[in-house]
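Input: a single structure, listed below in structure tokens.
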Amino acid sequence: MRQALTRLIRAEISAHPFQIGLIFVILMLATATLTLTSTVQQSAANPWEQIFEETRGPHVWLVAENSAVDLAAVGDLPGVAQSTGVIPTSQDNPLIVDGDQHDTFLYAFPPEPLPVLRPLVVKGEWLTAESQAEIVMDYSYARWIDVAVGDTVEVLTRDGTIPLRVIGLAVTSHFVTYTARTAGLAYILPETLAQIEPDAARLAQGYGVRLEDPAAAADFIAQANTLTRSGLNTALPWEWVRDIVNLNAQFFVLLLGMIGGFALVAVGLIIANAIGGRVVADYREIGLMKAIGFRPGEISLYFLAQYLVIGLVAGVIGIGLGVLITPAFLAPTAQQLGISPEPRYDAASLIGSLLLVEMGVAFFTLIPAWQGGRVSTVQAITVGYLNRHRQPSRLARWALNAGLPPVVIVGVKDVFARPLRAVLTIAGLVLAVITAVIAVNQDVTIREQASDPMINLGTPGEVVVNRNFVPYDEAAQIIAAQPEIAAYFEGVEAFTLHPSQPDTPILVRAVGPSYSQFDFRVAEGESAIEGAEAIVSQGLLTLLDTKLGDTVTIPVYGRDLEVTLVGRNTEIYNLGNVITIPLDTYREQINPDVQPTLFTLRLNPDTDAEALKDALMTASGGQFDVQIAARVPNLEAAQLQLVVIGLLMVILMITLVNLLNTTLLGVLERSRDFGIQKTLGMTPGQVVTAVILGVAVLGLIALVIGIPFGVMLFEGMMAQIGMQLGMGPEFGLVDYAGMLWLIPGALLIVTLGAYFPARRAARTRVTEALRYE
Amino acid sequence: MNADSIIITRDLVKTYANASAPALRGISLALAPGEFVAVMGPSGCGKSTLLHLLGGLDRATSGEIHLQGRRIDSLSEAKLAVLRRRQIGFVFQFFNLMGNLSVADNIELPALLAGLSPAEARRRRESLLEELGLTDKAGVVPSQLSGGQQQRVALARALINRPAILLADEPTGNLDSTSTQEVLALLRRYHQAGQTMLLVTHDARVASVADRVIYLKDGQIRTEARLETAHDSHAVLSQMFALEA
Amino acid sequence: MKYALLALLAKAPAHGYELKQAYESLFGAVQPPLNAGQIYTTLSRLERDHLVQDHHVAQDDRPDKRVYRLTGEGEAALREWFDEAVRGPYLKDEFFTKLIVAKTSGAADPAALIQRQRVEYLQSLRALTDLRLKNPNGSTAAVLLIEGAILHLQADLKWLDLCEERML
């Protein structure tokens with residue numbers, strides 16, 4: 001029995017090598033995709049927890065900008081298990097890379113590991129006792145500003161710049177990912193910091209603690225605040241950091257999961273189509289097997305054994321393939337999420353992927369095989385049994401009555417000859433279309449929205465100048481002296497905490513009266529604020545559980561800010577936890593002596609922003625921090641794009657293989673029909689056209705179904721994400737014009753997939769095809 | 001060989017790949033307009049091969065084929081296809097109708113392929129349906145018809161473009177005797193209306209309706225016989241059967 | 001013909017003219033009309049063999065009719081005739097002879113012989129198919145006879161093919 005089966009299996013494979021080969025490729029791709037998505041998801045899911053333990057991250061991270069604050073005393077508070085000790089920090093010495101300034105937190109770390117907060121070196125090495133002229137940078141930060149191990153960066157000091165060589169890149173758990181306005185993170189020796197900023201009084205202090213009871217982080221912060229008499233500028237509880245990081249990851253994981261899920265379902269459909277079609281094509285064999293004495297159960301076993309073996313071999317190779325390509329997908333993810341770029345392979349999930357594919361194989365083999373076993377022997381052996389039609393093709397009827405050319409009539413008449421197969425193929429194509437729709441629209445969303453400085457950075461200006469150490473009057477003069485500046489407004493920014501949400505920093509943005517010359521682009525309500533009025537972003541509304549029209553009270557630097565919310569703008573900066581008030585109101589309610597630190601500029605048309613930046617830098621002796629808020633492609637988003645595009649490519653490839661396989665099956669079954677077509681006088685070219693047209697109909701149907709669905713899904717997803725990002729439901733942008741490209745795109749895929757089977761059909765030898773009944 | 005001949009072949013040879021001997025070893029024949037020729041011979045004699053070559057469904061190894069004065073043996077497949085549309089009609093033993101098109105659409109399709117306007121194609125289809133008694137079956141698929149009915153549909157399909165020549169490969173091979181009679185009557189009818197036909201068969205009864213019967217053996221023409229309409233059929237009958245007194 | 005007449009009489013007694021008519025209605029399509037002499041000759045032979053009996057029936061204004069009737073022996077003979085299967089088939093002796101001696105005698109070419117015979121058969125076949133096509137709905141006797149003849153001719157032609165194969 002086993003011998004008979006083995007021989008049959010070998011015969012089957014050598015009888016249809018190409019189709020079995022296709023099935024093999026599909027199963028391989030399926031397993032590879034599963035491996036890829038599960039590994040990346042695993043690495044991306046809860047990235048924070050993974051790093052936190054490895055780096056012995058702090059449960060609470062505190063920063064006091066005033067050097068007079070006694071941060072060390074915090075270490076004596078009850079509940080502290082371990083602490084970093086005071087870490088001198090500079091926030092005012094940006095790094096200069098290729099002429100660009102980047103805000104950086106410079107932390108002074110000793111070469112020996114601290115009890116808490118041990119950055120995990122992923123490239124290069126950590127500081128040594130001789131590393132006075134060296135620097136270790138945060139991995140994401142380094143990728144963001146395009147710095148690699150071995151490069152040299154300059155640190156801006158009051159007296160000029162100091163070069164430091166990058167010797168390593170590290171990952172830590174207590175920092176969130178970068179936007180263009182977030183400061184980066186780097187580690188240097190205390191001596192190096194002393195060199196950069198000799199005046200210790202100008203340095204800030206950082207302090208990290210691990211608690212005996214991690215859940216007590218919020219309480220601990222309250223205590224620390226009291227102890228330091230509200231001298232804390234930053235108090236980050238681990239839950240907050242975790243949520244932000246995981247939030248970023250969430251979007252990504254959500255997207256990945258969805259695409260991975262699609263890939264799975266698409267592959268399931270393909271397996272059903274491919275294997276099912278192959279088995280159905282073998283109904284005659286089944287009939288013969290029954291005639292010579294095989295029992296239906298044995299027949300099912302025959303098919304099952306065959307495809308399980310193929311699935312096993314393909315699966316193992318697929319896992320290998322997945323392992324090979326995962327790092328390419330993981331690198332941008334790692335940079336985006338601030339996690340380690342080393343893939344973590346979990347044997348359990350790898351085996352799980354294999355099992356999942358094998359289960360799919362078993363399921364989609366058994367059903368048609370069992371059905372085949374039930375077909376009566378006589379029916380099965382009767383050639384052409386499966387090709388018996390009861391009704392004329394309605395599609396052909398319609399095409400004929402519509403006066404379409406005969407090639408079209410012939411092309412469409414067989415589209416629904418096998419309804420189940422057509423439905424499965426359409427379903428698979430719909431999934432591909434939906435994925436493409438999401439990818440296209442996401443591309444536009446990210447290009448337009450995420451790179452829109454208004455949304456990303458919250459600024460309506462083209463250039464933002466931070467005067468750093470330059471005195472206000474001087475700075476204002478320099479700005480006013482620039483002829484290219486069409487308009488500008490001044491402002492300050494301050495981070496604060498609301499008692500109801502002590503884990504979430506809120507950005508208070510005070511803007512000078514000239515802001516009204518700028519377009520603050522509100523989605524709801526008023527854009528003009530006067531007196532005790534404010535514009536907020538969605539994040540803050542959600543955070544404080546309030547709505548437009550309400551009045552809120554937010555403590556800032558010990559004073560209360562009380563304003564009425566009149567408008568909602570759309571930005572994701574600080575997760576949308578931003579409130580914009582008039583500068584005068586800030587002066588009135590918080591600090592009358594405050595001098596604006598930020599200048600938001602709008603330039604004359606056709607002004608070269610770079611030239612202006614140079615002029616400002618020259619005028620300020622290099623002290624200004626000038627940021628051109630142009631529509632720069634958001635690099636981190638671009639990384640995300642790469643991953644999505646990569647997955648889209650995988651799905652398209654799977655779709656292509658599916659189309660190839662399905663069309664081939666259909667062509668092989670209809671060889672008689674092609675013989676007739678050629679007899680009636682259809683040229684080989686016309687036969688090819690007819691076959692491709694038939695598949696194109698399926699593609700068209702998939703477009704008609706998939707695009708609206710895809711748009712709906714996309715908008716739903718984006719609205720969710722927009723709310724989570726704090727921007728509001730306006731996050732998604734639907735690119736209708738761009739989606740039009742899906743039509744020729746789909747036609748291209750269809751033609752590619754159907755071309756070779758169509759050629760095969762055109763090469764049918766009439767005398768062979770018409771030989772039998 | 002008359003210059004008016006519908007079909008002329010000269011020394012037609014066909015050897016299949018992997019075959020040791022040629023299937024056709026130099027066939028030369030000609031069909032006059034309106035002539036009805038039957039080709040007979042034992043199985044393997046090459047009669048189907050000859051038909052395939054004449055219809056452009058296969059390529060000769062050497063030799064010439066002329067269709068209505070035009071040489072066709074070296075035409076490309078695409079050109080042959082275009083030629084077939086208007087000038088050659090086929091009828092096969094196993095009907096070879098398109099299974100998921102209705103009877104009417106099966107008949108109309110070649111007309112559309114040949115470039116007839118939909119209106120003209122429709123007209124011709126309707127008249128053929130009526131001539132062949134298929135009007136009430138026009139909307140069903142071929143599998144719902146009997147063998148004889150399907151062959152009638154195939155005949156209609158073959159004739160809709162009024163081809164120069166009708167080629168038939170064992171047209172009654174799959175039919176019972178009643179249907180065979182029907183098809184014979186139809187072939188006779190269109191022959192009398194002027195249709196040139198070449199028919200391949202192993203059934204002498206079918207061949208007997210032809211003007212000329214060609215015998216093939218081992219890929220060559222052995223003999224030919226011209227047949228005439230008898231004057232006194234009854235005499236033949238009485239001669240054959242003398243009833244016992 | 002004699003058993004055919006016996007069978008016709010089995011239905012009911014009849015006189016000569018009635019028998020002629022009945023016979024022609026059955027076989028008229030395939031045989032030329034009988035003359036009266038043939039009938040009466042056969043009838044008297046049947047009477048001689050005691051298979052039929054006749055008596056006179058008086059008619060007004062006309063000579064007496066002779067009405068024939070089946071005897072008991074006649075019935076038995078008829079039954080026997082029906083019960084006995086007809087021996088067959090019969091081969092065309094003459095052509096067979098010609099073919100066998102042609103090669104030896106050297107006086108004729110077997111291939112030519114066969115082809116000539118073939119044409120002959122085909123032509124006969126042609127006549128029969130013409131008949132069938134002209135009267136697709138003829139009488140049963142006619143249809144059966146013609147179809148029988150056609151089938152025989154087809155078989156004969158196949159036999160010729162075999163001869164050709166074996167002899168040449």
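Per chain, numbering begins at 1; letters A, B, ... match sequence-line order.
Interatomic distance, OG1 of C:Thr129 versus CZ of B:Arg205, reported as 8.0 Å (0.5 Å rounding). A distance of 11.0 Å separates CD1 of C:Ile114 from OH of B:Tyr215, quoted to the nearest 0.5 Å. Considering CG of C:Asp130 and OG of B:Ser208, their distance stands at 7.5 Å, rounded to 0.5 Å. Here CD of B:Gln181 is found 5.5 Å from CG of C:Leu133. Values are rounded to the nearest 0.5 Å. To the nearest 0.5 Å, the span separating NZ on B:Lys217 from CG on C:Asp161 amounts to 9.0 Å.
In this structure, the portion of C:Leu157 lying under 4.5 Å from any heavy atom of chain B is its side chain and not its backbone. At a 4.5 Å heavy-atom cutoff, the contact between B:Arg188 and chain C is made by side-chain atoms alone. Only the side chain of C:Gln115 has a heavy atom closer than 4.5 Å to any heavy atom of chain B. The parts of C:Arg132 that come within reach of chain B are both its backbone and its side chain, each placing non-hydrogen atoms under 4.5 angstrom from that chain. Contacts of B:Arg222 with chain C are absent, with no heavy-atom separation under 4.5 Å from either backbone or side chain.
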Worked verdict on C:Arg126 versus B:Glu228 for side chain to side chain contact (heavy atoms under 4.5 Å, CB included): CA-CA 8 Å; C:Arg126 168 58 166 263; B:Glu228 282 157 17; over 6 Å; no
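When each of C:Glu147, C:Glu165, C:Glu164, C:Gln38 is scored by its heavy-atom pairs under 4.5 Å with chain B, the top score falls to C:Glu147.
C:Val119 approaches B:Ala225 most closely through the heavy-atom pair CG2-CB, 3.6 Å.
C:Arg45 CZ: 12 or fewer foreign heavy atoms inside a 6.0 Å radius. With a 6.0 Å radius and a threshold of 12 heavy atoms from other residues, nucleotides or ligands, B:Tyr16 has its OH atom above the threshold. Counting heavy atoms of neighbouring residues, nucleotides and ligands inside a 6.0 Å radius, atom NE2 of C:His50 does not exceed 12 of them.
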